[in-house]
2 protein chains.
Amino acid sequence: MTPTINDVAIRAGVSTATVSRYMAGEKIRAEAAVRRAVEELGYRPAMAARSLRSGIHYVVAMVVPDITNPYFASVVKGVESVFRSTPYNIFVCNSDESPETEEQVLLEAMNRVDGIILAPTTEQDDTPLQVLERGLPLVFIDRELSGGDLDSVLVDNVGGARAAVRHLIELGHTDVAIISGPLNTTPGRGRYDGYLMELCNAGIEAPEAYRRVANFRESSGYDAMEQLLALDKPPTAVFCANNLMTMGALKALQANRVAIGDEMSVIGFDDLDMASMLNPPLTVIDRPAVEQGAIAARLLLKSFAHNDAETPAERQRIVLPTHLIERESCRPPRGGALAMKHQTNGS
Amino acid sequence: MTPTINDVAIRAGVSTATVSRYMAGEKIRAEAAVRRAVEELGYRPAMAARSLRSGIHYVVAMVVPDITNPYFASVVKGVESVFRSTPYNIFVCNSDESPETEEQVLLEAMNRVDGIILAPTTEQDDTPLQVLERGLPLVFIDRELSGGDLDSVLVDNVGGARAAVRHLIELGHTDVAIISGPLNTTPGRGRYDGYLMELCNAGIEAPEAYRRVANFRESSGYDAMEQLLALDKPPTAVFCANNLMTMGALKALQANRVAIGDEMSVIGFDDLDMASMLNPPLTVIDRPAVEQGAIAARLLLKSFAHNDAETPAERQRIVLPTHLIERESCRPPRGGALAMKHQTNGS
DNA sequence: GCTGTTTCTGTAATCGTTTACAGTTTTGAT
DNA sequence: ATCAAAACTGTAAACGATTACAGAAACAGC
């Protein structure tokens, strides 16, 4: 049905070897004839045959916990933008924040791709190590393994969280809560630690009930915020450790008629497209998501090149800076306004 | 390096054929031995060889204009959810709203995948037809070709747009503008037509300047809104034909200190995760994005089954309903409030 | 025209599976 | 125990490219 290299060879009156070489861009004598044959037949090499023989698939897998998370969508876009100018295609796989799905996906990917960009669901997984053992280049993005001097592109989670908390403290807050991600993920733990460190640094000891460990999903942010509001003495400010949980928290505040900014200062990790449109506009810690993806892609490409050269590439651990985008959702605390309101309502 | 079927066969003391059959789930006598060999070696079939021989790749391509558009991200998620329980993997490719990139991607995909789910950038492209000619199943999503009695999963664009405009008219608006997508795309033209029809139906003739044809991107929505505001007599309400342009329009309104809802009613096509959090909460026409993806995936799966059975499947054109989510960004017009403000400012 | 060198070409093996075909073993009925 | 049918297995030929290797053609210098 679809033409093979043999069809082209016959039509051009040469051997398949010559056609193959022509396709690879080598200089051949029968160039004109071969080009014509290729065009007339609309020949395109069968990737399966090519991969089988050469061992190269021209595919990289990109494994993310959730493609509908705008952060990961941006990362994917960054990866795409780099690979667009190469012969590589991209598998995008959702692991759905589930280690089992992730393992399945990785094993599946192992013998169809040339490299993997992975945002692991947990730091304790060792499937990625299996992948590396098979000699497959792998670069971690956003998250890494606990062992890890492996290729990875991260952001300064601790620094970002500290900047967030510092911002709140500078506004006068002492009752600062965190809605944290799981502590067995790089960003979960890093942001949690940063929160703790900055508070400690300021000599503030927040009650344990202010530390809600959620799961990076919107619903968990919602629940966590409700629990914070239900406290006898709710915090006056909260740091939400990712975009989805921030959205959940904001919705909870709205549902409970708590004035964002005035009654409860909110700062999120990750900018949102709509952050500036919210009322009040949301103050966030931003990070370069697309850039992060692009860097990871280039790291992988470099890894390919080194594989060819037999010189084992030195591992790179790249940490990008975050920065504070100050909008209006963080304001000085108003002397326990919420706690009083809370008491009134409660009695 | 990685074990082949031959290694397994030797270790289990059988032929490769038997191992192959075991892997395919057939009943074999040496089952125990083969299972052990497979496990001990960690054997996984090389996809390239399998594809070459059997002609099946277990890959489908999903081509979308922009993965960072939450709508398409949701569609991808829907597609994923269906294929997760099958042996198929998904290529996600951005066409970046560019017909050239799309063509390139499609040609590339043709000999590595078993089927394609495509949101074409334009209705006039005929690369998709080439794909179909090669016998590759293809289902259109969100958009179709003008020729088209082909498999496709669409939404009722005309109906949705009409509902949007009707809602505005019912509130008392007569000066209703549209920020439309390109007219050579299915949703662009459909929503534009719906707008026109519903206005016509109500006996309203909106000036041509109220019809801004933009390109589905946020920046174009922003610009279009600015142009509307610069008119001598700006509209009192605007229908934005997709989520990105709605965001752009809202930002333009904010930048120009126009009160959304009070001075300018806004209704968008596609819900946004944050829509309910905006001030005022955004009224939108919603559609089932994840579901749309899932349906497309099932259509493709059905197509595979029919291909096996040699019975050419009859084409399906599925149109899903949209529905109005009424929030607070659409209110009755306030007697040319904006026009007056505009004049005052302008003089 | 001769020779040596460079450049190009063709032959055929190879990658790791699947599968038609023929051959073998098992089963079950007698 | 015998035999036919049923169930399984092995041999070897594909699938469509790439690539050593050896051989042919072109080129250059004399």
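Naming: A, B, ... by sequence-line order, numbering from 1 per chain. Computed from a predicted structure; not experimentally measured.
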Legend entry - Nearest-nucleotide comparison on DNA chain C, the residue closer to the 5′ end among R50(B) and E26(A): E26(A)

Rounding to a whole Å, what distance do you find between [X]:[atom1] and [N]:[atom2]?
{"X": "H57(B)", "N": "dC15(D)", "atom1": "NE2", "atom2": "C1'", "answer": "11 Å"}
{"X": "L41(A)", "N": "dG16(D)", "atom1": "CG", "atom2": "P", "answer": "14 Å"}
{"X": "Y43(A)", "N": "dG16(D)", "atom1": "OH", "atom2": "C1'", "answer": "8 Å"}
{"X": "N111(B)", "N": "dC15(D)", "atom1": "CG", "atom2": "P", "answer": "17 Å"}
{"X": "M47(A)", "N": "dC15(D)", "atom1": "CE", "atom2": "C1'", "answer": "15 Å"}
{"X": "I28(B)", "N": "dA7(D)", "atom1": "CD1", "atom2": "C1'", "answer": "13 Å"}
{"X": "D7(A)", "N": "dA17(D)", "atom1": "CG", "atom2": "C1'", "answer": "13 Å"}

Short side-chain to backbone donor-acceptor contact, [X] and [Y], under 3.5 Å:
{"X": "S152(B)", "Y": "L154(B)", "result": "no"}
{"X": "N111(B)", "Y": "A46(A)", "result": "no"}
{"X": "D66(A)", "Y": "D96(A)", "result": "no"}
{"X": "E102(B)", "Y": "T121(B)", "result": "yes"}
{"X": "E80(A)", "Y": "N94(B)", "result": "yes"}
{"X": "R44(B)", "Y": "L107(A)", "result": "yes"}

Legend entry - Nucleotide nearest L52(B) (side chain, heavy atoms from C-beta), chosen from dC8(D), dG16(D), dT18(D): dG16(D)

Where do N or O atoms of nucleotides 20-27 of chain D meet protein N or O atoms at under 3.5 Å, pair by pair?
none

Please tell me if [X] has a side-chain N or O lying less than 4.0 Å from either OP1 or OP2 of [N].
{"X": "T18(B)", "N": "dC8(D)", "answer": "no"}
{"X": "T4(A)", "N": "dG16(D)", "answer": "no"}
{"X": "S20(A)", "N": "dT18(D)", "answer": "yes"}

Inset, instruction - Apply side chain to side chain contact (heavy atoms under 4.5 Å, CB included) to M62(B) and V75(B), showing your working. - result: CA-CA 10 Å; M62(B) 166 99 222; V75(B) 170; 3.8 Å; yes

Inset, instruction - Taking heavy atoms of chain B and a 4.0 Å limit, find me the 5'-most and 3'-most nucleotide of DNA chain C within that range. - result: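 Nucleotide range in contact with chain B: dG16(C) to dT26(C).
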
Inset, instruction - Map N6(A) and E31(B) onto DNA chain D by nearest heavy atom, then report which one ends up closer to the 5' terminus. - result: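 With N6(A) and E31(B) compared, the 5'-side residue is E31(B).
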
Inset, instruction - Give me the one residue out of T185(A), N184(A), T186(A) that meets side-chain hydrogen bond (donor to acceptor under 3.5 Å, both in side chains) with E123(A). - result: T186(A)

Inset, instruction - Rounded to the nearest 0.5 Å, what's the gap from CE on M47(B) to OG on S54(B)? Could you check? - result: 7.0 Å

Inset, instruction - Check every strand shown and say whether Y22(B) touches a base, only sugar-phosphate, or nothing at a heavy-atom separation below 4.0 Å. - result: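 If one applies the 4.0 Å heavy-atom cut-off, Y22(B) turns out to touch nothing in the nucleic acid.
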
Inset, instruction - Remember a base hit wins even if backbone is also touched, and classify A30(B) as base, sugar-phosphate or nothing at under 4.0 Å, heavy atoms. - result: sugar-phosphate

Legend entry - Closest heavy-atom pair and its distance - L320(A), P288(A): CD1-CG, 3.9 Å

